[in-house]
Student: 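After the structure tokens below, expect a handful of questions from me.
So that the names make sense, note that chain A is the first sequence line, chain B the second, and so on, each numbered from 1. Computed over heavy atoms, backbone and side chain alike; hydrogens, waters and symmetry mates excluded.
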Amino acid sequence: MSEPVLQCENINRFFGGIHALKGISAEIQQGEIFGLVGPNGSGKTTLVNCITGFYAPQRGQILFEGKQINGMRPHRIAANGIARTFQNVALFKGMSVLENILMGRHIFMNPNPLAALFYPFWAAKEEVAHRRKVEQIIDLLQLESVRDEHVEVIPLGLQKRVELARALCAEPRMLVLDEPMAGMNQEEKEYMVRFILDAQEELNLSVLIIEHHLDVVTSICDRVLVLNDGNKIAEGPARTAMSDPEVVAAYIGGQAHAA
Amino acid sequence: QDKEPIKFGLLQDFTAVYTFVTGEYNQGQQDYLTLVNEEGGVDGHMIEAIVRDTGNEPQRGIEAYNRAREEGAILFDFLSTPVSRGLVDQVMKDEVVLITPLHGRGDAAAGETFPYVFPTMATYWSQAAILADQIKSSDGLEGKKIAVVHIDSPFGREPMPVLEKIAEVEGFEIRAFPYASPGNEQSATWSEVRRYRPDVVFIWGAGGGQSVSVQQAIRNGIDPAAIRSVVWMAETDANNVGADAMVGLKRFEATATGTDNPILERIVEKVIEPGLGAGDSSNVGSSYYNIGVATMTVAVEAARLALEREGAPLTGPKLKAGFEMIEGFDAEGLMPPITITATDHQGGGYGRVSEWTGSEWKPVSDWTTAYEDIVHEEIETSAATYAGGN
Amino acid sequence: MAYFIELLVNGALVGLMYALAALGFVLIYKSAGVPNLAQGALVMMAAFLVWYLGSLGLPIWIAILAGAALMFGFGLLVERLLLRRMVGQPVIMVVMLTLGMEILLRGLIPGVFGASPKSIDLGIGLAPVIVADVFMNRAYLIGGLVALLLIGASMLFFRTRLGTKLRAVSDDHVASWAVGLSVERAIGLSWGIAGIAAVGAGVLWGSVQGVDWTLSTLLFPAIAVVILGGIDSIKGVLVGGLAVGILGSVIPGYLDAYAGGSTRDVVTSVIILLTILVRPHGIFGREDIERI
Amino acid sequence: MFYRLSGVRHTSYPAARQLWPIAADRWQVGVLALLALLAPLLISDLYLGSYALPWLIWTAAALSLSLLMGLGGQLHFGFAAVMAIGAYSSIHLARGGVPFEFALLGGGLTAAVIGTAFGAAALRVKGLYLVMATLAMQYLVDWVISNVPAISGGAQATLRTPEVSFLWIPIDSLDARYYVALLWTVLMTLFFLNVKRTSFGRALAAIRDKDFAAAVIGVDPFRTKLTAFMTASFAGGVSGAILAFCYYGAVTPEQFGFNVSIQLVAMVLVGGLGSVVGGYLGAGFVLLVPIVLTNLIAGLGAAGWFSISQNLTAHLPLIFYGGMIIGFLLFEPLGLAKIYDNIRKYFLVWPFRHSGS
Amino acid sequence: MSGLALSNVEVVYDKVFLAIKGVSMEIKEGEMVALLGSNGAGKSTTLKAISGLLGPERGDITRGEIRFGDTDLRSLGAPARVDRGLVHVLEGRRVFGHLTPDENLVAAYRGGRAERSFEELRDEVYRYFPRLKERARSKAGYLSGGEQQMLAIGRALVTEPKLIMLDEPSLGLAPVLVAEIFSIIREINRKHGLTVLLVEQNAAATLEIVNRAYLIENGQIVMSGEAATLKANPDVQEFYLGSGGKVDYHAIKHYRRRKRWLA
Ligand SMILES: Nc1ncnc2c1ncn2[C@@H]1O[C@H](COP(=O)(O)OP(=O)(O)OP(=O)(O)O)[C@@H](O)[C@H]1O
Ligand SMILES: Nc1ncnc2c1ncn2[C@@H]1O[C@H](COP(=O)(O)OP(=O)(O)OP(=O)(O)O)[C@@H](O)[C@H]1O
Ligand SMILES: CC(C)C[C@H](N)C(=O)O
Ligand SMILES: [Mg+2]
Ligand SMILES: [Mg+2]
């Protein structure tokens with residue numbers, strides 16, 4: 001691995017009286033899969049929200065490819081090459097799967113209402129060009145069968161996959177996934193893992209992933225960061241970090257093998 | 001009867017802004033037309049009223065107007081300032097008569113500019129003048145302080161220019177106190193009025209706002225006798241304020257109130273008693289009912305004159321001519337004698353002042369007109385702007 | 001100074017009168033989660049009912065009580081016939097339904113009882129109440145007291161277990177069902193109570209401005225009060241009412257003379273705009289909890 | 001039956017993106033367009049002038065609002081004020097000698113500029129609070145119009161539209177006014193349909209659905225919302241101007257009061273949010289049903305079907321109208337467009353009853 | 001008397017979409033049964049059909065019978081079913097976000113019809129979930145996922161149920177909490193004889209604690225039996241258990257066969 005793509009330095013975030021992140025620092029290397037784990041409410045999503053611009057950290061700074069991104073608004077960060085998915089699926093209801101994925105191309109389009117006036121000359125061409133990329137991603141994630149379905153009627157597992165597809169369409173250099181496998185059974189988990197690995201490899205991405213499925217974390221993450229109550233309690237290669245006694249106590253519990 | 005009926009379009013607002021007046025007004029109109037028909041019509045022609053609710057919405061007014069026109073109506077009454085104003089051009093283009101008694105554009109009194117529009121009764125400008133005149137003749141105007149408490153709308157602001165000019169002439173002080181429409185809450189305005197210590201208060205509103213004004217005035221220690229109201233003040237308002245509390249309040253009136261009049265007596269006898277009335281018989285003789293009757297007496301008179309002079313079938317232009325032939329017509333004492341000419345569609349701008357006695361309105365002045373020059377000037381300048389494109 | 005105090009006091013009283021009209025709106029929002037655009041129509045209906053009962057010869061107090069009972073029943077009926085079938089639909093559709101209801105009532109009530117204005121006489125005298133050159137409106141004084149009373153009672157109500165259940169229902173209908181709360185009954189109850197609040201507003205406003213359909217336009221000042229105070233807060237009704245009343249009285253009291261028109265509605269509009277921009281959820285309103 | 005999905009195959013991306021991929025729909029559109037073109041020959045002036053003409057213009061207005069409310073999810077309860085701005089400024093421009101075509105554009109632009117200020121509130125709040133903010137702005141605009149005689153047209157507060165011509169054709173006859181309105185409405189319709197298919201339209205829909213998810217794929221919520229307000233206000237302003245020139249002939253402040261705003265919202269909601277068919281149906285419903293009911297009830301009364309007081313007769317249309325809104329919502333909460341859609345779908349899958357696995 | 005029986009239940013969404021097709025199940029009093037299946041198989045739909053919550057989603061039971069004890073549930077509204085002792089903990093927690101945990105419990109308390117006092121029930125919930133007691137005064141909407149899940153279960157227990165249905169209680173929870181919640185469920189079942197119907201993705205943990213399980217795919221029950229029997233089934237192992245939890249995910253990046261029992 002080479003130089004870090006993302007550097008978080010001393011990130012602090014408060015919500016009223018709650019100190020949700022207490023000076024977190026982390027570095028994610030180019031091309032690695034980086035796991036973010038920790039008990040519920042430990043601040044994982046908050047950290048990710050800081051990285052993607054939804055919350056501004058009150059203290060600390062975040063650099064992406066050497067450029068400071070804290071303080072930027074989410075859409076600017078997206079345009080800079082970070083894409084993400086959400087813990088609770090956040091697809092656009094009322095749109096088809098295809099349209100949802102096409103939305104991922106937004107940063108490459110020109111959202112001008114005048115386009116609608118001259119649709120045949122202008123917008124249509126733009127659309128058709130982007131469709132090729134979209135179809136590629138649909139192929140990659142095997143979404144052909146639901147391409148034209150309304151997104152709210154397809155099963156949750158597929159919805160998460162569509163969300164991933166939407167994120168990939170933006171041709172990001174870094175992908176942030178918040179619990180992509182929550183609520184999936186074994187088979188679906190395996191599919192999801194395969195898609196994440198394929199995408200990472202083929203598109204040469206760095207991945208930041210939050211996941212509670214320990215087996216997944218230990219087997220695909222190069223390194224992990226474990227949070228507890230806004231503090232970093234462990235960091236390092238997945239298997240080592242996960243067997244840290246503090247991590248076991250706070251996060252995994254006695255019957256770790258059960259999950 | 002094989003003579004063509006004459007059709008009037010009474011397309012009014014029964015459900016929205018003007019509900020306080022429309023019911024009784026329209027009932028008076030219909031009852032009078034029934035009376036005319038019962039008595040054999042106008043030269044044998046029956047009069048047919050096309051009655052529709054417009055809800056005070058312009059698009060409904062336009063539709064109702066076009067439909068009634070297609071059915072052959074040649075006279076219209078919308079009893080709605082916005083609808084009437086909106087349709088003035090159309091009416092003149094279609095050459096049918098629009099009557100705008102006590103509403104609509106005041107400058108429509110200028111007959112050359114508005115050949116097909118007939119206010120037929122005193123405009124708000126004339127009303128203000130007559131009220132001022134009554135004060136002048138009872139207590140004198142000079143040195144007085146007059147507060148004009150009005151609804152903040154074009155209608156509410158309308159009397160101001162005329163009153164200001166009269167103030168100049170007569171040497172009294174005048175100040176406007178607008179309250180926000182619809183006027184159900186005016187307390188801040190009246191705090192100001194009380195501090196102004198006016199000798200006389202004009203209240204210029206309509207509907208619920210009027211009784212709120214009176215209540216507020218009394219609560220603020222203003223003697224009802226010092227209050228002068230625009231024509232829109234009726235028995236229902238008195239009841240709302242408290243019939244006894246309002247004793248002494250004076251208003252402008254364009255027609256007599258009560259059933260003590262040959263026409264109303266005949267209505268009671270031939271329409272109400274046989275059960276042909278258009279509504280609740282307890283309304284017969286109320287202020288707004290009688291205004292309704294009076295508007296139709298003028299229209300029927302115009303139709304009669306037109307038929308007499310020009311012969312059937314009656315058309316818009318003929319009816320217009322009929323209106324302009326009306327001379328000294330007073331509806332057997334129900335209203336002041338009016339004379340409508342091609343230049344004066346207001347009919348002279350007559351009216352009188354009456355006072356609430358606790359149970360009825362008692363006239364305190366004769367039918368009169370006042371400050372004609374000032375009113376006339378106002379009409380002329382306003383009509384001139386219309387002629388100039390607006 | 002006396003002028004200022006007078007504007008202040010009367011503004012406060014008027015504000016309480018508006019709060020009275022706003023209370024029902026908040027009650028329904030707080031327990032059913034629906035902005036009820038028909039609240040003004042309920043106020044109108046209540047006033048017509050009380051007037052009608054009075055015109056049958058009932059003493060005014062009995063008429064008011066009977067009116068309250070009828071309006072409560074009407075609230076239950078609305079739920080039974082209409083809202084029950086809308087549970088789980090997008091809120092905007094339920095809002096539309098209340099708009100339909102307001103149109104229907106605005107036709108039905110004046111259509112049946114007559115559109116010309118009626119009067120309710122509460123026996124509140126017109127003689128001025130002037131304390132140290134500060135004039136007070138007797139009718140508003142009484143209205144303000146009634147408003148305080150009803151607002152207080154509502155605050156206590158929402159402290160009870162039943163009140164908590166109603167709040168739960170407004171949060172999440174499906175979850176309420178799942179734990180055995182009868183969403184239907186809760187919504188019915190909240191409409192019933194809002195109906196009673198409407199009687200208070202209808203009778204007091206009706207006695208001041210007369211009873212006709214225009215009472216239903218009280219909805220707008222009521223909404224202004226509610227937005228300012230926070231749409232689901234009863235405390236907010238009180239504070240919002242006072243603020244709208246006082247600012248809408250004091251500022252125009254000094255400004256009108258120069259503006260050449262009545263600035264009250266402009267002032268109110270600006271207050272609303274500023275509140276929304278500065279504090280989107282009103283003074284006491286609850287924030288939306290949105291976790292990403 | 002009438003609709004056939006089978007046999008419809010798309011071989012290229014552009015083909016799949018046609019507006020009306022189903023032949024039967026194309027037929028319908030074609031027939032309707034033809035009828036609209038021939039309307040002046042087919043129906044009497046009464047129906048052309050009092051029904052078809054206002055229906056078209058209000059449809060354009062409703063579509064403008066639907067762009068904002070339906071596609072963008074931004075509730076706007078002050079749209080009549082936006083139309084008023086368009087109407088008043090275009091009239092003043094035309095009176096000042098600006099050619100009608102440019103006066104329309106000018107009206108639209110003024111409305112767009114001021115309308116975008118309305119949108120500024122939308123950057124802070126959504127839902128009911130946005131409703132209130134826009135309503136408050138409606139009041140402000142109303143107040144300014146009716147308190148500044150220079151805008152409203154003097155003491156009588158009536159402003160007449162001057163005689164104008166459009167593309168060298170004088171707009172003095174009903175037919176001419178009808179065609180101008182038709183042209184504008186068709187333009188609006190096509191624009192609306194196309195917007196849904198452009199990145200702008202999708203960005204709007206995305207913001208409506210999940211603003212944070214939209215942001216994360218690079219949609220700028222500020223810019224998108226403001227653009228939406230600007231576009232809708234422009235369209236609303238032009239619709240207001242057309243309403244003034246082609247229908248009212250003279251404008252008064254009441255024609256653009258807040259109850260008109262509510263009616264516009266009702267048009268959008270009753271029709272169905274964000275649907276073109278809904279725009280037409282909703283505008284028709286809100287505009288014409290009260291009129292039709294009034295005539296129907298008056299007609300029935302005259303024919304002696306019932307005898308009730310004048311007062312009740314006048315109120316019956318309101319009662320039925322309110323009842324119909326309630327009825328439709330209970331029957332199909334998603335609006336008239338959804339009812340239309342259900343019927344259409346029924347035929348699409350005919351003779352099967354259910355689609356799906 | 002509080003056994004649950006579904007026979008041949010069919011649910012249609014939106015009048016067009018057939019989501020479950022003739023599901024039959026039986027759960028005896030005091031039993032703990034799991035309903036397993038992949039995403040979109042119809043598990044939640046089945047639970048909603050039982051608890052009567054299909055209405056708001058425009059779903060409709062078009063065929064079949066659901067009996068609880070000796071009452072036919074189909075004619076009852078959702079609250080009446082809760083009254084009969086049947087409670088449903090919804091997928092995604094759905095706590096009353098603007099209420100405190102304490103108030104959430106109050107909202108679920110049945111008042112006059114309850115057998116035990118509110119304080120008694122609340123204290124019992126806090127005994128199971130001490131963490132909730134600490135957060136009892138902050139708004140439930142700001143609790144962490146695990147705490148919300150605990151609150152949702154606690155809230156259901158306050159209704160004094162005979163049968164509790166849990167829809168994916170482990171969704172999004174940290175392993176330590178999953179273990180905790182599962183053990184509490186087991187405890188409630190053992191100690192109070194509460195019948196449990198558990199919908200889960202986490203098949204391995206689930207099959208550890210339940211007596212029996214049903215497997216649902218595509219709206220149909222495809223397999224059922226004792227937990228031990230199912231655990232031994234090779235298909236179940238491969239698709240639900242991940243061969244005993246020892247999958248090397250890097251190695252699965254190749255074509256996989258689909259489930260056999262699918263058409
Ligand atoms: N918008 C917010 N307002 C107030 N508090 C918040 C907000 N967002 C998060 N918190 C608090 O910050 C803390 C961290 O929450 P966060 O969502 O980051 O946890 P998490 O690690 O993602 O947990 P989980 O695994 O359950 O998703 C929690 O205590 C939470 O209540
Ligand atoms: N409201 C609805 N309208 C239309 N279809 C729906 C609705 N809810 C669910 N469905 C469909 O019904 C099927 C079964 O859904 P259900 O929610 O019961 O699945 P599940 O087994 O609980 O899946 P998950 O693991 O995602 O919770 C799915 O295909 C889903 O798309
Ligand atoms: C019919 C009348 C009451 C109309 C009045 N001029 C107004 O505008 O309010
Ligand atoms: Mg999280
Ligand atoms: Mg489910």
Student: Measure D:Leu46 against the heavy atoms of chain B and call it side chain, backbone, both or neither at under 4.5 Å.
Tutor: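 Contact with chain B involves both backbone and side-chain atoms of D:Leu46.
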Student: Is it the side chain or the backbone of B:Arg67 that comes within 4.5 Å of chain D heavy atoms, both, or neither?
Tutor: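 Both parts, backbone and side chain.
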Student: With a 4.5 angstrom heavy-atom cut-off, could you sort out which part of B:Asn26 is near chain D: side chain, backbone, both or neither?
Tutor: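 Contact with chain D involves the side chain of B:Asn26 alone.
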Student: Does a side chain donor of either B:Glu57 or D:Gln255 reach within less than 3.5 Å of an acceptor in the other side chain?
Tutor: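 Short answer, no.
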Student: Tell me which of these, D:Asn147, D:Asn311, D:Val251, has more heavy-atom pairs under 4.5 Å with chain B than the rest.
Tutor: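 When all of D:Asn147, D:Asn311, D:Val251 are compared, D:Asn147 has the most.
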Student: In terms of heavy-atom proximity below 4.5 Å to chain D, should B:Asn56 be classed as side chain, backbone, both, or neither?
Tutor: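 Neither; nothing under 4.5 Å.
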Student: Does D:Arg160 reach the main-chain N or O of B:Tyr386 with its side chain, forming a donor-acceptor pair under 3.5 Å?
Tutor: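 Looks like yes, one N/O pair under 3.5 Å.
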Student: Do B:Arg60 and D:Thr294 meet the criterion of a side-chain donor-acceptor pair at a distance under 3.5 Å?
Tutor: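 Yes, a side-chain donor-acceptor pair sits under 3.5 Å.
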Student: With no hydrogens and no angle check, do the side chains of D:Gln310 and B:Gln30 hold a donor and an acceptor under 3.5 Å apart?
Tutor: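 Yes, a side-chain donor-acceptor pair sits under 3.5 Å.
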Student: Which region of B:Glu158, side chain (C-beta onward) or backbone (N, CA, C, O), has a non-hydrogen atom less than 4.5 Å from a non-hydrogen atom of chain D, or is it both or neither?
Tutor: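 Just the side chain, heavy atoms under 4.5 Å.
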Student: Distance only, no hydrogens: is a donor on one side chain within 3.5 Å (strictly under) of an acceptor on the other, for B:Glu63 and D:Asn295?
Tutor: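 A pair is found: one side chain offers a donor N or O, the other an acceptor, under 3.5 Å apart.
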Student: In terms of heavy-atom proximity below 4.5 Å to chain B, should D:Thr161 be classed as side chain, backbone, both, or neither?
Tutor: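 Looking at D:Thr161, nothing touches chain B.
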